[in-house]
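For this chain, numbers begin at 1 and follow the sequence in order. The figures here come from the full heavy-atom set of this structure, side chains too, leaving out hydrogens, waters and symmetry mates. All ligand and atom numbering here is 1-based and tracks the order in the structure.
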Amino acid sequence: MMTHESAVSKAREIASRVLAPTAEQNDTLGQFSTEAVQSLGESGLLGLLLPEDFGGAGLGPRTFAVVTATLAEADASVAMVYLMHILGTATISAARPGANRALTPILQDIAAGRHLSTLAFSEAGSRSHFWAPISRAHRNGGDGVRISAKKSWVTSAGHAQSYVVSALAPEGAGPTDSTLYLLTAATPGLTVSGPWDGLGLRANASAPMVLDDCQVPADFQLTDDGAGFPVMLNVVLPLFNLGTAAVALGLCRAAVTATTSHLKNAKFEHLGQSLGESLPTLRAQLATMQIDTDGLSARIDDLIDHLETPRETTMLRVLEAKAAAGEVAISVTSAAMRVCGGAAFSKHLNIERLFRDAHAGAVMAPTGDVLREFIGKSLLGIPLF
Ligand SMILES: Cc1cc2nc3c(=O)[nH]c(=O)nc-3n(C[C@H](O)[C@H](O)[C@H](O)COP(=O)(O)OP(=O)(O)OC[C@H]3O[C@@H](n4cnc5c(N)ncnc54)[C@H](O)[C@@H]3O)c2cc1C
């Protein structure tokens with residue numbers, strides 16, 4: 001049986017044995033790590049949150065956050081792949097009762113480490129407003145629907161075994177009347193439609209995908225018609241915001257470690273001192289990085305507490321955590337770039353990768369700006385949508 005401690009120790013082992021040695025090369029080449037996914041599968045970590053009935057570990061957000069941060073410290077691209085898989089899995093396992101029989105083998109495969117999933121929500125037409133898909137499902141005679149859609153970024157595109165897809169419900173009247181469906185990778189008409197060549201998170205294959213008249217059987221409809229939006233809000237959003245905050249924390253910790261090491265090891269030979277011994281300004285900036293990193297860690301603990309014991313302020317904390325984490329990751333990795341000077345700028349250290357990876361959090365939807373809009377509106381009692 002997997003416990004919190006054994007899950008974290010497996011994540012540490014995979015991070016040091018599989019992720020750390022290949023992170024730099026995969027970043028340079030923009031190469032998805034199938035070895036990492038295989039190791040996560042063999043360790044049982046792909047079924048971390050799945051109920052034990054399906055063979056999963058049945059663990060909760062606390063373990064998910066620590067595992068994700070541990071992976072991110074070594075390779076944020078893999079951590080993001082893991083995070084999107086956990087979200088896909090949570091959505092499949094929360095499916096409406098009618099879909100259970102068809103989905104059980106998929107959930108069992110996930111628990112056995114043989115199946116990677118992900119979310120395909122964002123569309124070219126509605127951009128970061130993932131809650132308002134442009135695509136619409138059309139009824140397919142008696143059995144299921146047909147969907148055509150342009151999904152703008154899908155983490156693990158072409159590598160996942162299944163995709164949780166949003167589309168407007170066939171009879172949906174408003175822009176958020178969506179339904180969620182599960183498409184297996186073998187679905188005819190589902191293709192990766194372009195390359196992924198991002199500034200950061202270069203090794204997570206976040207490529208665009210096209211659905212060209214894809215048939216989805218009724219068994220693979222995950223939510224009731226028009227009930228996709230509440231699932232996005234109540235199942236996906238809390239875990240996504242927690243997970244992206246954990247990725248940010250991993251990046252900050254890696255930046256503090258790399259900066260500390262540089263300040264200890266790089267020397268002013270003419271002064272007979274290391275950079276850290278020589279310059280108080282660098283020590284002060286390192287201290288600020290540490291303070292901000294521990295502040296983010298405390299914020300994540302507070303969010304976990306709110307998720308484990310839900311209360312009136314839980315959704316506010318969910319929104320705040322991702323908004324704050326995005327800024328902290330950019331600020332801490334930017335400080336690392338400055339403190340480590342030309343060595344960081346000319347890519348002699350891993351700090352430049354951390355800096356690029358850190359910029360993804362704020363632009364992934366809900367973006368930092370949108371989260372602030374939501375927080376401001378909710379404080380003022382203005383409807384969010
Ligand atoms: C590495 C990576 C991986 C991703 N993986 C996935 C995935 O697996 N699945 C998926 O569905 N999507 C994924 N996405 C897509 C992501 O969630 C966003 O949808 C996408 O980054 C939005 O980019 P855009 O240019 O369309 O943003 P735009 O919507 O054009 O936003 C442009 C700017 O406007 C701001 N803005 C937009 N709306 C508002 C508002 N209402 N108020 C204030 N400011 C606003 C934004 O904050 C941003 O600064 C991924 C993106 C990245 C970068």
Undergrad: Return the closest protein heavy atom for atom 26 (O) of ligand 1 as residue, atom name and distance.
TA: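 For this ligand atom, the closest protein heavy atom is Arg127 CB, 3.2 Å.
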Undergrad: Less than 4.0 Å from atom 9 (N) of ligand 1, is there any heavy atom belonging to the protein?
TA: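 At least one protein heavy atom is under 4.0 Å away.
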Undergrad: Purely on distance, is any nitrogen or oxygen of Trp196 under 3.5 Å from one on ligand 1?
TA: no
Undergrad: Are any of the side-chain nitrogens in Asp27 or Arg356 under 4.0 Å away from the carboxylate oxygens of its partner?
TA: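 Yes, Asp27 and Arg356 are salt-bridged.
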Undergrad: Rounded to the nearest 0.5 Å, what's the gap from CD on Glu24 to CZ on Arg353? Could you check?
TA: 7.0 Å
Undergrad: For atom 22 (C) of ligand 1, which candidate among Ser128, Ser156, Pro366, Gly376 holds the nearest heavy atom?
TA: Ser128
Undergrad: Looking only at protein heavy atoms, identify the closest one to atom 40 (C) of ligand 1 and say how far it is in Å.
TA: Val370 CG2, 3.6 Å
Undergrad: Measure the spacing between OG of Ser274 and CG of Leu282 and express it to the nearest 0.5 Å.
TA: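 One finds 9.5 Å between OG of Ser274 and CG of Leu282.
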Undergrad: Which residue and atom name correspond to the protein heavy atom nearest atom 4 (C) of ligand 1, and how close is it?
TA: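 That would be Thr155 OG1, 3.7 Å.
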Undergrad: Taking distance alone, with no angle check, do Glu373 and ligand 1 share an N/O pair under 3.5 Å?
TA: no
Undergrad: Rounded to the nearest 0.5 Å, what separation is found between the CE atom of Met84 and the CG atom of Asn204?
TA: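 Nearest 0.5 Å value for the CE-CG distance: 9.0 Å.
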Undergrad: Number the atoms of ligand 1 from 1 as they appear, then name those within less than 4.0 Å of a heavy atom of Met84, with their elements.
TA: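 Per the distance check, 7 (C), 8 (O), 9 (N).
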Undergrad: Quick test: of every protein heavy atom, which one is nearest to atom 52 (C) of ligand 1, and how far off is it to 0.1 Å?
TA: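 The closest one turns out to be Met364 CG, 3.6 Å.
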Undergrad: Do you know the tightest heavy-atom contact between Ile134 and Glu123?
TA: N-OE1, 2.9 Å
Undergrad: Evaluate the criterion ring-ring contact (aromatic ring centres under 6.0 Å, His included) for residue pair Phe374 and Phe385; output intermediate values, then yes/no.
TA: CA-CA 9 Å; Phe374 287 172; Phe385 295 97; 5.3 Å; yes
Undergrad: When you measure from the heavy atoms of His129 to every atom of ligand 1, does any distance fall below 4.0 Å?
TA: yes
Undergrad: Considering Ser206, Ala76, Ser122, Ala365, which one's heavy-atom position lies nearest to atom 3 (C) of ligand 1?
TA: Ser206
Undergrad: Which atoms of ligand 1 have any heavy atom of Val154 under 4.0 Å away?
TA: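 Every atom of ligand 1 under 4.0 Å from some heavy atom of Val154: 7 (C), 8 (O).
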Undergrad: Taking atom 33 (C) of ligand 1 as the reference point, report whether a protein heavy atom occurs under 4.0 Å from it.
TA: no
Undergrad: Is atom 37 (C) of ligand 1 near the protein, in the sense that some protein heavy atom lies at less than 4.0 Å from it?
TA: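 It does: a protein heavy atom is found less than 4.0 Å away from atom 37 (C) of ligand 1.
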Undergrad: Say whether Ala360, considering both its backbone and side-chain N or O atoms, lies within less than 3.5 Å of an N or O atom on ligand 1.
TA: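 Ala360 vs ligand 1: no N/O contact under 3.5 Å.
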Undergrad: Got an N/O contact under 3.5 Å between Phe121 and ligand 1?
TA: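 Such a contact does occur with ligand 1.
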Undergrad: Is there a side chain to side chain contact (heavy atoms under 4.5 Å, CB included) between Glu35 and Thr22 once you walk through the steps?
TA: CA-CA 10 Å; Glu35 297 77 15; Thr22 52; over 6 Å; no
Undergrad: If I take atom CG from residue Leu354 and atom OG from residue Ser334, how far apart are they, to the nearest 0.5 angstrom?
TA: 11.5 Å
Undergrad: With sequence neighbours left out, write down each residue that passes side-chain contact (heavy atoms from CB on, under 4.5 Å) with Arg62, or none if nothing qualifies.
TA: His4, Ile304, Glu308
Undergrad: Just to confirm my output: which protein heavy-atom neighbour is closest to atom 7 (C) of ligand 1, and how far is it?
TA: Trp153 O, 3.4 Å
Undergrad: For the atom pair CG (Leu46) and NE2 (His85), what is the distance rounded to the nearest 0.5 Å?
TA: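 The distance works out to 4.0 Å.
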Undergrad: Please compare Leu384, Leu199, Asp369 and report which has the shortest non-hydrogen distance to atom 49 (O) of ligand 1.
TA: Asp369
Undergrad: Grab the two heavy atoms, one from Val332 and one from Ala255, that are nearest each other, plus how far apart they are.
TA: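 In this case the closest contact between Val332 and Ala255 is CG1-CB, 4.2 Å.
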Undergrad: Please report whether ligand 1 has a polar contact with Val363, defined as an N or O pair separated by less than 3.5 Å (distance criterion only).
TA: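 Yes, at least one N or O pair falls under 3.5 Å.
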Undergrad: In residues 338-349, what donor-acceptor pairs under 3.5 Å come from side-chain atoms, sequence neighbours left out?
TA:
{"unit_1": "Arg338", "atom_1": "NE", "unit_2": "Gln285", "atom_2": "OE1", "d": "3.3"}
{"unit_1": "Arg338", "atom_1": "NH2", "unit_2": "Gln285", "atom_2": "OE1", "d": "3.2"}
{"unit_1": "Ser346", "atom_1": "OG", "unit_2": "Gly342", "atom_2": "O", "d": "2.5"}

